Amino acid sequence: MSPAPRAPRPDRRPSRALGWTVAAGVGALAFLVRWHLVGGTVGLRGYHGYDDGVYFSSAVAFVHGLLPYRDFLLLHPPGSMLALTPFAALTAWTSDSDALVAARAGFLLVGAANAVLVTRVARRWGTPAMVVGGVLYAVSFAAAWAERVTLLEPLGSLCLLGGVVLLLRGLDADRHPATGSRDGWLWAGGAVLGLGVTVKIWGVVPLAVVVVWLLVTAGWRVAVRAGAGAVGAVVVVVAPFALAAGTDMFRMVVLDQLGRPRETDTGVMPRLAWIAGSGNAEWVRTPTAEVALVVAVLSVVLVTAVAAWVGRRGRLWVALLVVQTVVLVASPSAYQQYAAFVVPALVLVVAAAISLVPARWREPVTALVCVGFTLGAGVTATPRTVPFPAAEVRSHLPDEGCVRADSPVLLALTDVMSRDLARGCELPVDLSGYAYDVGAKDAEGRPVPRDQNAAWQREALRYLTSGSATILARSVGNGFDAATVRTLDETTTTVLERREVRVLIPHGEP
């Protein structure tokens with residue numbers, strides 16, 4: 001019986017100069033793609049939905065002396081708040097909107113850094129794998145959509161990729177003594193992975209997969225060192241806030257999240273389409289074409305995952321791809337940016353499979369994959385950038401009192417957030433999030449949707465009608481029931497309505 005054919009060897013690792021040249025090119029491409037999606041300089045000052053304002057405003061509240069979980073609700077660990085704190089601190093010297101622009105620009109750079117880290121992981125599989133992994137990450141709509149503003153997912157990917165790069169450096173230390181202390185790299189890699197848990201509790205999943213992989217492939221001592229580094233990082237970041245807030249932190253970060261009702265409008269197919277990142281492709285005009293493209297992209301990913309596993313190359317990333325996809329699909333609620341959770345593993349699985357292609361076909365297949373995924377990616381679409389009417393809104397806000405908003409980023413865009421915090425005004429960092437903390441379950445323990453949560457409706461109405469002015473911009477997703485909307489209309493006067501943004505003044509105010 002003839003021996004089984006051996007898997008093709010990957011190319012030799014590229015030289016340091018070539019490796020960093022590819023990384024720089026990929027990083028520049030990733031930055032440009034995210035700059036395009038955010039809408040350039042206009043988009044950096046635009047309104048991009050609810051979530052990025054929650055994380056930025058939590059950091060602004062923090063630099064003004066308020067503590068999460070104790071003084072305001074925050075449904076996630078404090079990692080994102082701490083990462084944004086340097087940008088929030090800029091509000092002491094510049095306007096809130098300028099600090100927000102700096103933060104968003106910083107997250108564009110985080111996206112570029114993630115693309116560079118993908119090339120560093122794939123470098124061990126040769127230049128074609130580096131190029132494929134880096135380019136696919138750079139043009140991935142799922143990754144770029146999340147990394148264009150201040151969301152959780154960019155930091156989660158940074159911790160996963162950065163942690164694995166450090167761990168691989170430690171595992172290589174025995175073969176390359178010049179790389180430094182093996183234990184130091186392992187501790188550092190575990191610590192960076194642990195920081196991912198302090199950003200979003202989903203970070204526990206890749207951390208667990210990586211530690212199990214280390215246990216199986218490198219032994220229990222290596223796994224223990226990395227795991228200990230992770231635990232140490234989590235304790236250092238989380239413990240001060242847990243001690244200050246007591247059980248409130250656990251309730252908000254764990255119990256409130258686990259108790260979220262399952263959303264019926266984001267089933268399995270929409271979530272798989274987000275992972276494929278092809279739904280917004282410029283040339284896709286019909287639902288049938290969209291489904292066909294999603295199926296085609298995911299079929300290629302499935303084939304490459306099988307090839308990588310059978311070829312014993314990049315098995316860690318195959319395992320991560322499977323487990324992280326299951327987490328995304330099984331999650332009670334999901335939004336488009338959540339798909340970025342899966343992208344690092346997805347592109348590295350494809351990169352690993354490329355290194356298994358016979359040498360004479362490797363470069364043509366590399367070019368075909370890069371061009372094909374780029375054409376199928378939603379990043380080729382031209383974003384609809386609507387300038388936020390900050391000057392007009394600001395001109396209709398009173399100089400006295402406290403301004404309210406249904407989305408906290410509106411307070412930053414109009415430069416009243418820091419001013420109001422200095423006055424002692426109330427800032428519910430996550431107004432919508434209170435629906436998961438107040439009246440979230442009925443008498444039988446079943447989750448209550450926000451628009452049926454009477455306790456939250458009262459709290460939202462109390463806040464929005466307690467200031468000298470209110471800014472509304474959430475045309476969908478605010479969760480107000482008919483009674484809340486009617487009361488807002490009856491007790492306020494709309495003094496400005498521009499580009500789906502309204503300014504309300506209480507009756508009787510000048």
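Bear in mind that the values here come from a model prediction, so they are computed numbers and not experimental data. All values below come from the heavy atoms of this structure, side chains included, with hydrogens, waters and symmetry mates left out.
- In this structure, Asp172 does not pair ionically with Arg182, as no charged nitrogen and carboxylate oxygen lie closer than 4.0 Å.
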Would you mind writing out the side-chain donor-acceptor pairs for residues 196-215 within the sub-3.5 Å range, not counting sequence neighbours?
| unit_1 | atom_1 | unit_2 | atom_2 | d |
| --- | --- | --- | --- | --- |
| Thr198 | OG1 | Leu195 | O | 2.6 |
| Lys200 | NZ | Glu153 | OE2 | 3.1 |

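- Counting only heavy atoms from C-beta outward, the side chains of Ser140 and Trp145 never approach each other to under 4.5 Å.
- By the side-chain contact (heavy atoms from CB on, under 4.5 Å) test, Pro447 is found to be paired with Pro261, Lys441, residues two or more places apart in sequence or in another chain being considered.
- Remark: Arg446 pairs with Asp442, Glu444 by the salt bridge (charged side-chain N to carboxylate O under 4.0 Å, His left out) rule, at least two apart or across chains.
- Every pair passing side-chain hydrogen bond (donor to acceptor under 3.5 Å, both in side chains) that includes a residue from residues 222-238 is listed here, sequence neighbours excluded: Asp183-Arg225.
- Contacts of Asp248 classified as salt bridge (charged side-chain N to carboxylate O under 4.0 Å, His left out), with partners at least two apart in sequence or in another chain: Arg251.
- Applying the side-chain contact (heavy atoms from CB on, under 4.5 Å) rule to Ala412 yields the partners Phe56, Asp96, Leu100, Met417; only residues at least two apart in sequence or on another chain are considered.
- Sorted by first then second residue, the side-chain hydrogen bond (donor to acceptor under 3.5 Å, both in side chains) pairs that include residues 314-326, not counting sequence neighbours, number zero.
- To the nearest 0.5 Å, the span separating NE2 on His36 from CZ on Arg148 amounts to 11.5 Å.
- Qualifying side chain to side chain donor-acceptor pair (under 3.5 Å) partners for Tyr47, counting only residues two or more places apart in sequence or in other chains: Ser407.
- In this structure, the separation between OH on Tyr55 and CZ on Phe107 is 10.0 Å, given to the nearest 0.5 Å.
- Among residues at least two apart or in separate chains, there is no salt bridge (charged side-chain N to carboxylate O under 4.0 Å, His left out) pair with a member in residues 364-378.
- Judged as a salt bridge (charged side-chain N to carboxylate O under 4.0 Å, His left out), and not counting sequence neighbours, Asp430 has no contacts.
- With sequence neighbours left out, the side-chain contact (heavy atoms from CB on, under 4.5 Å) criterion links Trp20 to Arg16, Ala23, Val116, Arg120.
- Ring geometry for Trp35 versus Phe31: interplanar angle under 30°, hence parallel rather than tilted (30 to 60°).
- A distance of 14.0 Å separates OG1 of Thr304 from CZ of Arg313, quoted to the nearest 0.5 Å.
- When the salt bridge (charged side-chain N to carboxylate O under 4.0 Å, His left out) test is applied to Arg34, the partners found at least two apart in sequence or on another chain are Glu147.
- Residues Leu74 and Pro68 approach most closely at CD2-CB, 3.9 Å, considering heavy atoms.
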